[in-house]
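Have a look at the structure below before the remarks.
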Amino acid sequence: MTDRLRLVTWNINSLRLRLGLLGRVVEEARPDVVCLQETKVDDANFPMEAVRALGFEHVLYRGDKGYNGVAILSKRPIEPAGHRFWGGVEDARHISARLADGMVVHNFYVPAGGDIPDPALNVKFAHKLRFLDDLTDWGATVAGDTTPRVMVGDLNIAPLETDVWSHKQLLKVVSHTPVEVDKLARVQAAGAWTDVVRQVITPDIKLYSWWSYRARDWAAADRGRRLDHIWTDGGLAPRVRGASVLKDARGWTQPSDHVPVMVDIDPA
DNA sequence: ATGGTAGTCTTACTA
């Protein structure tokens with residue numbers, strides 16, 4: 001019998017620059033597992049000693065020099081559960097880990113997709129759409145699996161009207177366009193995923209996990225989007241006891257533009 | 001109002 005698992009996902013926007021803020025998240029939230037995106041560090045320079053000093057003895061990471069990069073930090077033993085490339089581009093946007101009870105955690109950093117929401121004019125948007133199609137194909141292969149599955153990360157899509165500050169004003173803005181929202185729904189359906197954050201914080205409530213650096217006053221404008229997600233398979237979803245978004249982290253000194261999102265999962 | 005800010009491979013690229 002193990003204790004309840006506390007899982008955090010956070011686009012940290014440079015791990016090395018924000019080791020101190022990671023320490024603050026760890027101190028305040030006491031997570032057992034932390035999934036990071038945009039670590040922006042290649043594997044040779046991963047700050048393993050600093051991460052270990054925060055209490056994470058079990059760490060998996062894959063990075064690119066200066067861009068992308070994902071990591072799974074764990075206080076409990078984990079083993080690698082595979083990784084691959086998505087959408088035909090070889091960058092570090094996926095890593096997965098298996099815990100001792102068999103639960104597999106997949107950590108994703110979906111491409112932001114650039115500014116123009118047209119795959120014919122914007123190769124970054126085309127890559128984002130192909131990435132989502134690959135996630136759908138993959139989901140179909142794991143949907144029947146009885147292994148407890150968790151999928152987290154910066155999916156760079158805000159699917160619900162209450163996931164954005166203005167549904168109408170963002171319909172043509174990459175992250176909330178109908179083509180992306182439709183494709184994310186296909187990913188979710190194919191993999192039989194449950195959005196467990198919205199299971200706890202119901203869709204009638206506005207909820208954001210990202211606020212642009214470009215606002216004069218991010219809190220006053222509050223023009224946020226919910227880009228960071230935690231999904232589980234249907235069997236695991238009833239074991240999710242709580243979900244929260246650590247909005248305060250956006251107001252810390254030299255913050256990431258994303259804030260941590262967290263759930264607690266009961267043992268089987 | 002087609003800007004604005006932040007981080008890194010820094011005078012260019014990504015987000």
For the [atom1] atoms, the ones on [N] and on [M], what distance do you get once it is rounded to whole angstrom?
| N | M | atom1 | answer |
| --- | --- | --- | --- |
| B:dT11 | B:dG7 | C1' | 15 Å |
| B:dG4 | B:dA15 | C1' | 13 Å |
| B:dT5 | B:dT10 | C1' | 15 Å |

Could you please name the option among [options] that lies closest to any side-chain atom of [X]?
| X | options | answer |
| --- | --- | --- |
| A:Ser14 | B:dG7, B:dA1, B:dG4 | B:dG7 |
| A:Tyr213 | B:dA15, B:dT5, B:dT8 | B:dT5 |
| A:Asn13 | B:dA1, B:dA15, B:dG7 | B:dG7 |

Practice item. Answer whether the closest heavy-atom distance between the side chains of A:Ile157 and A:Val181 falls below 4.5 Å. Key: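 They are in side-chain contact.
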Exercise for review: Taking salt bridge (Lys or Arg N to Asp or Glu O under 4.0 Å) as the test, write out the residues that go with A:Arg62, two or more places apart.
Suggested key: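 Listed in chain order: nothing, the list is empty.
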Exercise for review: With heavy atoms under 4.0 Å as the rule, sort A:Arg225 into base, sugar-phosphate or nothing.
Suggested key: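 Nothing, no heavy atom under 4.0 Å.
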**Study point:** Sugar-phosphate only, base, or nothing, as touched by A:Arg18 at under 4.0 Å among non-hydrogen atoms
**Key:**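 Sugar-phosphate only.
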Does [N] have its OP1 or OP2 closer than 4.0 Å to a side-chain nitrogen or oxygen of [X]?
| X | N | value |
| --- | --- | --- |
| A:Arg250 | B:dA6 | no |
| A:Lys124 | B:dT14 | yes |
| A:Gln254 | B:dG7 | yes |

Between atom [atom1] in [X] and atom [atom2] in [N], what is the gap in whole Å?
| X | N | atom1 | atom2 | value |
| --- | --- | --- | --- | --- |
| A:Asp228 | B:dA15 | CG | P | 15 Å |
| A:Asp115 | B:dC13 | CG | C1' | 13 Å |
| A:Arg16 | B:dG7 | CZ | C1' | 11 Å |
| A:Asp91 | B:dT14 | CG | P | 12 Å |
| A:Arg223 | B:dT2 | CZ | C1' | 14 Å |
| A:Tyr109 | B:dA15 | OH | P | 5 Å |
| A:Phe131 | B:dA15 | CZ | P | 12 Å |

Review point. If each of A:Ala215 and A:Asn11 is mapped to the nucleotide of DNA chain B with the nearest heavy atom, which maps nearer the 5' terminus, i.e. the 5' end?
Key: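 Result of the comparison: A:Ala215.
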Review point. Where each residue is assigned the nucleotide of DNA chain B containing its nearest heavy atom, which of A:Asp64 and A:Asp154 is assigned the position nearer the 5′ end?
Key: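 Result: A:Asp64.
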Check your understanding: Does one side chain, of A:His94 or A:Trp86, offer a donor that lies under 3.5 Å from an acceptor on the other?
Key ->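 Yes, a side-chain donor-acceptor pair sits under 3.5 Å.
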Review point. When you measure from the centre of the six-membered ring of A:Tyr208, is the NZ or CZ of A:Lys247 under 6.0 Å away and within 45° of the axis?
Key: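 No; the conditions do not both hold, so A:Lys247 does not lie above the ring face of A:Tyr208.
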Exercise for review: State whether the side chain of A:Glu180 and the backbone N or O of A:Val174 hold a donor-acceptor pair below 3.5 Å, judged by distance alone.
Suggested key: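 Pair absent, no side-chain N/O of A:Glu180 close to backbone of A:Val174.
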